[in-house]
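The next block holds one structure in the form of C-alpha cells; read it before the comments.
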Amino acid sequence: MAGDAAGAAAAFEELLPDQERVMGPDHPDTLTARHELARWQGMAGDAAGAAAALEELLADQERVLDPDHFHTLVTRYNLADMRGVAGDVAGAAAAFEELLPDQERVMGPDHPNTLNARGCLANSRGMAGDAAGAAAALEELLPDQERVMGPDHPDTLNTEFNLAWWRGAAGDTAALEELLADRARALGPDHLHTLIAHVGLAHWRGDAQDATGPAAALKELLAPDPARLSGPDLPDNLNARNELARLRSDAAAWKKQLVDQVRVLGPGHPRALVARHELAELRGKAGDAAGAVAAFQELLADRTRVLGPDHPDTLLTRYEIAGWRATAGDAAGAVAAFQELLAAEVRVLGPDHPDTLMTRYEIAGWRGEAGDGAGALAAFRELLIDQMRVLGPDHPKTLSTRRALTEWQMQQSLMDQPIDEQDR
C-alpha cells in the first residue's frame, strides 16, 4: 500500500512456504496469502502471471472453502479482472458474465461487489468492441448505484463517466458534453472529475489540442494531496482521515471521522456500516457494554438488509452482539446467541473455518461462566480435537484452547472435592 507492489509480492512469496509448512496448504490463511501474492503480482505488472496463479487458487478454494464462499467469489472477480488487464477482454467479459448471477444469488443484487462486477462486465464488453452494449448495461447500473451508494460516491461517479465514454465510443458525444457541463457547473472547471470529462470529450471528438490543457492539469491534480481533489467529505478522503486517526492512535479524532462518515455517506452505505461497527466497538471498549449491544443490534438489521444474512460482515456483527452481551453480564444469553451464530457459520463457512472454531471457543468459555463447568469441559475437549486436526498442535489458538481446558479441569476438580479437603 506504500507503493511497492513488487516488494509486497516478494514478501508474500517468502511467507507462503512457511504457511504451507506450519498450517498446511489448505488452511484459510495459506489460501489468503496465495490470493495476496497473485494480487500484488498483478499490481506489479505481471497480469498474466497473476491470472494463472488465481486460476490455480480458485480450484483449491472451490474444493476447500466452497464455490459460494465469499473469498472464492472474490478470487473469481479478481481473476476476471486480471484476464482483462492481461489483454483477454473477451475472456474477462465471459468470466464476469458467469460470476454475476452467483454474486447476485449469494451476496444480493445491491452488494458493492455485485454492482462492481456489473460495471466491470459492461466495460469488458466495451473493450471487446461492443460500445453500445456497454453503454446499455451501464445505463441500467447507474440508478442502482445512485440508490445504494448515493450519487456522489466515487463508484457512481465512475459509472457516470464510463456511461458517457462508451456512448462517445458509439458515436454519441452529446452525453459527454452534458456530463462536462454538469460537472463544470457543480464542481468547478478545475475539479478532478471535470477534467476527466473534458479529456474524454476531447478524445472522442478527435481534438488532441483541446485535451492538452486539461490533461496537464489532471496530471498535476493527481499529485499527492488527495484531500484537495474533491474536498474533505469525499468518501475516499473520509476513509483516509479515518485511517490517519487510527494510525496515530488518536481515539477522539478517529471517533469524529467515523461519525463524519456516517453523516456524509448515510447510515446504510457500505462504508458507513463499517464506521458504525467501529463506533459500536469503541462504545464497548469505553465501558458501555450494554450500549455496544444496542448499537450492534441496530447495525445488524441494516447489514442484513444491505449485505444479506450470510455475508461475513453480518455474521461478524452477530459475533460482536454475543460477545458484548457476555461482557455486559449476560453469560447465558451470550451462549444462546453464539449457538445460533454457530449454526449459521457451519452452514455458510463450514465446520473447519477459523471463525466457526472461534465461535465454538466462545461457547465453551461462556458456558463455564454461566455455571455449566462440565459443559465447558466437554466443549473444550471436542474443540481441541478439531483444532489439532485443522490448525495443528502448535497453533496459538490450539494452545489457547489447551490452556482453557486445563483451567476448567482444575476448577471442576476443586468443585468436586469435599469442602474439608479444599480447606486443607
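Quick caveat: nothing in here was measured; it's all calculated off a predicted structure. Position 1 is the first residue of the sequence, and the numbers go up from there.
Between the side chains of Q387 and Y361, no donor-acceptor pair is found at a separation under 3.5 Å. Between the side chains of D130 and W166, no donor-acceptor pair of N or O atoms lies under 3.5 Å. With no hydrogens or angles considered, no side-chain donor-acceptor pair links E20 and T30 at under 3.5 Å. There is a side-chain donor-acceptor pair under 3.5 Å between T75 and Q61. Q145 and T159 share a donor-acceptor pair across their side chains, judged by distance under 3.5 Å alone.
Here the side chains of F96 and R76 are not in contact, with every heavy-atom distance at 4.5 Å or above. A heavy-atom distance below 4.5 Å is not found between the side chains of L138 and R167. No side-chain heavy atom of D386 sits less than 4.5 Å from a side-chain heavy atom of E382. With a 4.5 Å cut-off on side-chain heavy atoms, H395 and M388 do not count as touching.
Using a 4.0 Å cut-off between a side-chain N of Lys or Arg and a carboxylate O of Asp or Glu, D330 and R325 qualify as a salt bridge. Looking at D88 and R83, no side-chain N of the basic residue comes within less than 4.0 Å of a carboxylate O on the acidic one, giving no salt bridge. Ion pairing between a basic and an acidic side chain is recognised when a charged N comes within 4.0 Å of a carboxylate O; R403 and E407 show no such pairing. A salt bridge between D68 and R105 is present, with a side-chain N of the basic residue lying under 4.0 Å from a carboxylate O of the acidic one.
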Subject >> Residues D26, R63; criterion side-chain contact (heavy atoms from CB on, under 4.5 Å); working and verdict >> reply: CA-CA 9 Å; D26 289 343; R63 174 178 55 83; 3.0 Å; yes
**OP:** Any chance you could lay out the side chain to side chain donor-acceptor pair (under 3.5 Å) test for T317 and R303, step after step, and finish with the verdict?
**Re:** CA-CA 8 Å; T317 304; R303 272 190 163 158; 2.8 Å; yes
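For H311 and H111, the gap between ring centers is short of 6.0 Å.
Within a 6.0 Å sphere centred on CE of M127, heavy atoms belonging to other residues, nucleotides or ligands number more than 12.
F296 and H277 have perpendicular rings, their planes meeting at more than 60° on a 0 to 90° scale where under 30° would count as parallel.
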